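Comments concern the structure below.
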Amino acid sequence: MKKIITVLALVAAGTTAALAGPIEDRQAIMKQMAGPMKIAVGLSRGTGPYDAAAAKSAMDEIVAHTEKFQTLFPKGTEPGNGIKTQATAAIWSDAAGFKAANVKFIADAKLAGAAKDQQAFIAAFKSMQGDCGACHKVYRGAAQ
Ligand code: HEC
């Protein structure tokens, strides 16, 4: 009997982990944006020679994060039913809009990563920062 209970407990734990996975992963990715963003802010304010390689590497990281991020919204991870997410229902009801917000963010990050000088970097980076807020406005709500 004890054995059966242990097995059942393990199965239950496994199920919970499987359901919580994508939510935790997408939230972790968002938090990880802070690293490359800090580098980007430094580059945009820097007074020394512009470091194009550092910009490219920070932006490559953001692009990779976002490509993964947009795949982490499976059915069953919508807000409601006690699920701890700041994602809004619009991600599922307006999937095309959410996809477009990710595509624009990735495009602006690539543009910033390809900038040859600080002026071009600042322009693309500003637009990219605007994308964070634009997406959050529609697709990120208050914590459930
Ligand atoms: C295409 C949409 C989109 C873009 C672009 C975007 N975010 Fe988010 N962000 C979200 C969503 C959706 C959530 C809520 C995720 C959840 O709770 O399941 C979120 C959550 C967050 C969180 C909270 C993470 C947590 O749970 O602690 C931070 C911090 C964050 N974003 C920062 C950023 C920054 C900085 C940028 C720009 C560099 C950015 N985001 C760009 C959609 C986006």
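Order of appearance sets the numbers: ligands from 1, and atoms from 1 within every ligand. Heavy-atom basis, side chains included; hydrogens, waters and symmetry copies ignored. Quick caveat: nothing in here was measured; it's all calculated off a predicted structure.
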If two hydrophobic side chains count as joined below 4.5 Å and joins carry through other members, does Ile39 share a cluster with Phe121?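 Cluster IDs for Ile39 and Phe121 match.
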Begin with the C-alpha distance, continue with both residues' side-chain angles, and end with the deciding distance and a verdict on side-chain contact (heavy atoms from CB on, under 4.5 Å) for Phe73 and Phe98. CA-CA 11 Å; Phe73 295 85; Phe98 182 61; 3.6 Å; yes
Under 4.0 Å from ligand 1 - residues by heavy atom, chain and number: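 Under the 4.0 Å cut-off, ligand 1 touches Arg26, Gln27, Met30, Lys31, Met37, Phe69, Thr85, Gln86, Ala87, Ile91, Phe98, Ala101, Asn102, Phe105, Asp131, Cys132, Cys135, His136, Tyr139, Arg140.
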In this structure, which one of Asn102, Thr88, Asp94 forms a side chain to side chain donor-acceptor pair (under 3.5 Å) with Tyr139?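 Running side chain to side chain donor-acceptor pair (under 3.5 Å) over Asn102, Thr88, Asp94 with Tyr139 returns exactly one hit, Asp94.
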Near Lys104 NZ, under 6.0 Å, is it more than 12 heavy atoms from other residues, nucleotides or ligands?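 Yes, the 6.0 Å shell around NZ holds more than 12 heavy atoms from other groups.
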About how many Å separate CE of Met128 and OG1 of Thr66, when rounded to the nearest 0.5 Å?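 These two atoms lie 7.5 Å from each other.
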Could you point out which residue of Glu24, Arg26, Arg140, Glu78 forms a side chain to side chain contact (heavy atoms under 4.5 Å, CB included) with Thr85?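 So, applying the side chain to side chain contact (heavy atoms under 4.5 Å, CB included) to Thr85 and each of Glu24, Arg26, Arg140, Glu78, only Arg26 qualifies.
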